[in-house]
Protein chains: 2
Amino acid sequence: MARPRSAGYDDQRDLILERAATLFAKAGYPGTSMNEVAEACGMSKASLYHYFRDKDDLLVSIADGHVARLEALVDAVMAAHPPGEARARALIERFVDEYADAQNAHRVLTDDVRFLPEETREAILARERRVVDGFAQTIAELKPSLGEDGMSKPLAMLLFGMINWMFTWLRPDGALTHSDMGPIVADLFFGGVGAVKAPRKAAAKQRAAKRITEKEI
Amino acid sequence: MARPRSAGYDDQRDLILERAATLFAKAGYPGTSMNEVAEACGMSKASLYHYFRDKDDLLVSIADGHVARLEALVDAVMAAHPPGEARARALIERFVDEYADAQNAHRVLTDDVRFLPEETREAILARERRVVDGFAQTIAELKPSLGEDGMSKPLAMLLFGMINWMFTWLRPDGALTHSDMGPIVADLFFGGVGAVKAPRKAAAKQRAAKRITEKEI
DNA sequence: CCTACCGATCGGTAGG
DNA sequence: CCTACCGATCGGTAGG
């Protein structure tokens with residue numbers, strides 16, 4: 001076995017990931033320099049390159065780490081709840097809470113993964129797809145006719161839209177908290193999903209739904 | 001691409017704005033160079049600077065032009081429909097159609113305005129605020145108790161979330177079109193809005209709603 | 001011969 | 001409207 005890393009190695013890595021996520025979330029990936037990341041971490045740029053091969057490696061670590069947690073969260077909720085509205089509500093409320101604790105990483109996932117080369121991006125998109133599928137399946141269980149019409153994935157994406165967009169306007173210091181918003185989003189979505197009808201040419205829509213493969217969260 | 005023979009100053013400006021919006025939407029504002037914009041327009045970088053003072057001037061023109069059209073659209077719908085669900089539906093469906101025709105400009109508005117200096121950004125945010133207020137007012141007309149609880153703005157933002165996020169996942173070549181999605185979003189929203197209850201401490205939420213001033217579309 | 005860094009600078013390219 | 005540049009900063013790496 002290889003010689004173990006120094007005691008603080010993983011702690012330093014985690015610190016860098018958190019500071020970099022904050023900067024990327026604020027100024028975007030191309031708008032953030034490695035010099036700025038190094039400065040925010042109180043270390044030289046050369047030290048930064050001791051922990052991460054290059055700038056892309058930083059981005060991958062932030063985004064993949066976050067989406068892996070979301071993936072695990074979906075698996076845990078699916079295992080803990082039988083099909084039905086309780087499962088769907090748990091999914092939404094757990095997601096909103098998870099996002100609230102990882103706002104910077106989430107913004108990096110939704111905004112900056114597109115800057116990665118295709119091969120690197122693909123592994124992250126695969127995890128995103130599993131997360132979307134978990135939501136789509138839960139929606140189809142709730143109202144099977146939507147699943148048959150190929151509407152469960154588009155509806156899952158509308159749901160993600162409400163949740164993802166929240167983090168651009170909800171003030172962390174406001175009286176309305178992320179935890180308040182979980183039940184509101186769930187009420188709106190489950191109250192409304194009964195009123196949704198698929199447009200005509202349902203077969204074509206089902207084919208269309210299969211094509212939704214990129215930028216899924 | 002060949003330059004149109006009789007292109008005047010304004011035509012050249014519009015061409016540059018469209019090409020620049022396409023590039024900014026794809027690679028982000030900091031990720032796009034003026035050299036790339038010039039090349040996409042078939043002109044030298046120096047020529048570009050004949051039409052726009054600097055890079056920020058390009059961004060402002062794209063974003064402000066787009067949000068000004070949205071503002072005018074809200075005013076037109078409010079003038080054409082009395083308060084009620086017909087007004088709200090018209091607002092949603094007209095917005096989705098407008099976005100579909102201006103996807104690049106819309107992405108620039110939502111993603112890149114944050115890179116402008118504060119004074120420049122403020123004029124654009126003021127227009128965004130007017131658009132959000134139009135939606136929030138329409139929601140409050142539909143269910144006055146939500147307005148009294150300070151929930152009409154948060155609900156307007158959830159609605160914008162569904163619509164804005166659509167443009168990250170809906171395939172322009174898919175069988176499911178933007179026009180299909182307008183009624184679906186409206187059904188989901190109006191079906192669900194009846195089920196939404198404000199969280200406790202409604203007075204505090206009203207104060208919170210007032211603080212929602214940035215990044216409102 | 002390893003790790004954990006440092007000060008300084010590399011070749012290229014950004015906006016203007 | 002182009003070529004030729006500028007001050008500065010980019011991502012990444014040298015020797016010690």
Side-chain angles (χ1 to χ4, degrees), chain A residues 1-17 19-24 26-63 108 112-117 120-121, chain B residues 1-17 19-24 26-63 108 112-117 120-121:
Chain A
M1 190 155 179
R3 187 192 174 97
R5 304 283 194 184
S6 81
Y9 184 89
D10 288 337
D11 294 326
Q12 278 286 58
R13 241 186 94 95
D14 289 345
L15 175 110
I16 294 165
L17 288 175
R19 302 281 166 92
T22 303
L23 293 172
F24 292 168
K26 197 179 301 177
Y29 181 68
T32 304
S33 73
M34 289 298 267
N35 277 320
E36 290 167 338
V37 175
E39 194 184 11
C41 298
M43 62 178 66
S44 73
K45 195 167 54 168
S47 302
L48 207 53
Y49 280 91
H50 176 68
Y51 296 95
F52 296 92
R53 192 186 332 108
D54 52 27
K55 201 186 179 190
D56 279 359
D57 190 23
L58 259 179
L59 175 50
V60 169
S61 300
I62 293 165
V108 171
D112 293 327
V113 164
R114 61 178 163 150
F115 297 114
L116 289 170
T120 325
R121 201 174 52 219
Chain B
M1 182 173 283
R3 189 174 71 160
R5 185 167 302 173
S6 59
Y9 183 90
D10 289 337
D11 294 321
Q12 278 285 56
R13 241 186 93 95
D14 289 346
L15 176 109
I16 294 166
L17 288 175
R19 303 281 165 91
T22 303
L23 293 172
F24 292 169
K26 196 179 303 175
Y29 181 69
T32 304
S33 74
M34 289 297 266
N35 277 321
E36 290 167 336
V37 175
E39 193 184 11
C41 298
M43 62 179 67
S44 71
K45 193 167 55 171
S47 302
L48 207 53
Y49 279 91
H50 176 65
Y51 295 95
F52 296 93
R53 192 186 333 107
D54 53 25
K55 201 187 179 190
D56 280 0
D57 190 22
L58 259 179
L59 175 50
V60 168
S61 300
I62 294 165
V108 171
D112 293 328
V113 164
R114 62 178 162 150
F115 298 114
L116 289 170
T120 326
R121 201 173 53 216

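In what follows, every chain begins at residue 1, and chains take the letters A, B, ... in the order their sequences are listed. Quick caveat, the model's predicted, so the values are computed rather than measured.
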Between Met34(B) (CE) and dC5(D) (P), how many Å, whole number? 22 Å
Output the distance between atom NZ (Lys26(A)) and atom CZ (Arg114(B)), rounded to the nearest 0.5 Å. 11.0 Å
Kindly write out the residues that satisfy side-chain contact (heavy atoms from CB on, under 4.5 Å) with Thr22(A), not counting sequence neighbours, or none if the list is empty. Asn104(A)
side-chain hydrogen bond (donor to acceptor under 3.5 Å, both in side chains) pairs touching residues 28-40 of chain A, sequence neighbours excluded, are Tyr29(A)-Asp56(A)
For Ser47(B), all residues meeting side chain to side chain donor-acceptor pair (under 3.5 Å), sequence neighbours excluded: Ser44(B)
Are the side chains of Phe115(A) and Arg121(A) in touch, meaning some heavy atoms are under 4.5 Å apart? no
Quantified in whole Å, what is the C1' atom distance between nucleotide dG16(C) and nucleotide dA4(D)? 13 Å
Distance check, rounded to the nearest 0.5 Å: Leu116(B) atom CG versus Leu59(B) atom CG? 4.0 Å
If I take atom CG in residue Asn35(A) and atom P in nucleotide dT13(D), what distance separates them, rounded to the nearest angstrom? 14 Å
Whole angstrom is fine here: how far is it from CD in Glu39(B) over to P in dG15(C)? 13 Å
Which residues pass the side-chain contact (heavy atoms from CB on, under 4.5 Å) test with Ala20(B), not counting sequence neighbours? Phe24(B), Val37(B), Leu58(B), Ile62(B)
Gln12(B) side chain reached by His50(B) side chain, heavy atoms, under 4.5 Å: no
Residues of residues 53-61 of chain B with any non-hydrogen atom less than 4.0 angstrom from an atom of DNA chain C: list those, numerically ordered, please. Asp54(B), Lys55(B)
Got a second to check how far Leu15(A)'s CG is from Tyr51(A)'s OH, nearest 0.5 Å? 9.5 Å
Nucleotide dT13(D), atom P - distance to CG of Leu48(A) in whole Å: 13 Å
Between His50(A) and dA4(C), is there a side-chain N or O to OP1/OP2 distance below 4.0 Å? yes
So which nucleotide from dG15(C), dA4(C), dT13(D) ends up closest to the side chain of Tyr49(A)? dT13(D)
For atom CZ of Phe52(A) and atom C1' of dA4(C), their distance in whole Å: 15 Å
Rounded to the Å, how far apart are Phe115(B) CZ and dG15(C) P? 13 Å
Using Watson-Crick and G-U wobble pairs with both distances under 3.5 Å, what is the 5'-to-3' dot-bracket string of DNA chain C, with [ ] for crossing pairs and | for pairs outside the strand? .....|.|.||.|.||
Look up atom CE in Met34(B) and atom NZ in Lys45(B), then write down how far apart they are to the nearest 0.5 Å. 8.5 Å
Closest to the Ser47(A) side chain, choosing from dA4(C), dT13(D), dC6(C): dC6(C)
Protein and nucleotides 9-11 of chain C: nitrogen or oxygen contacts under 3.5 angstrom:
none

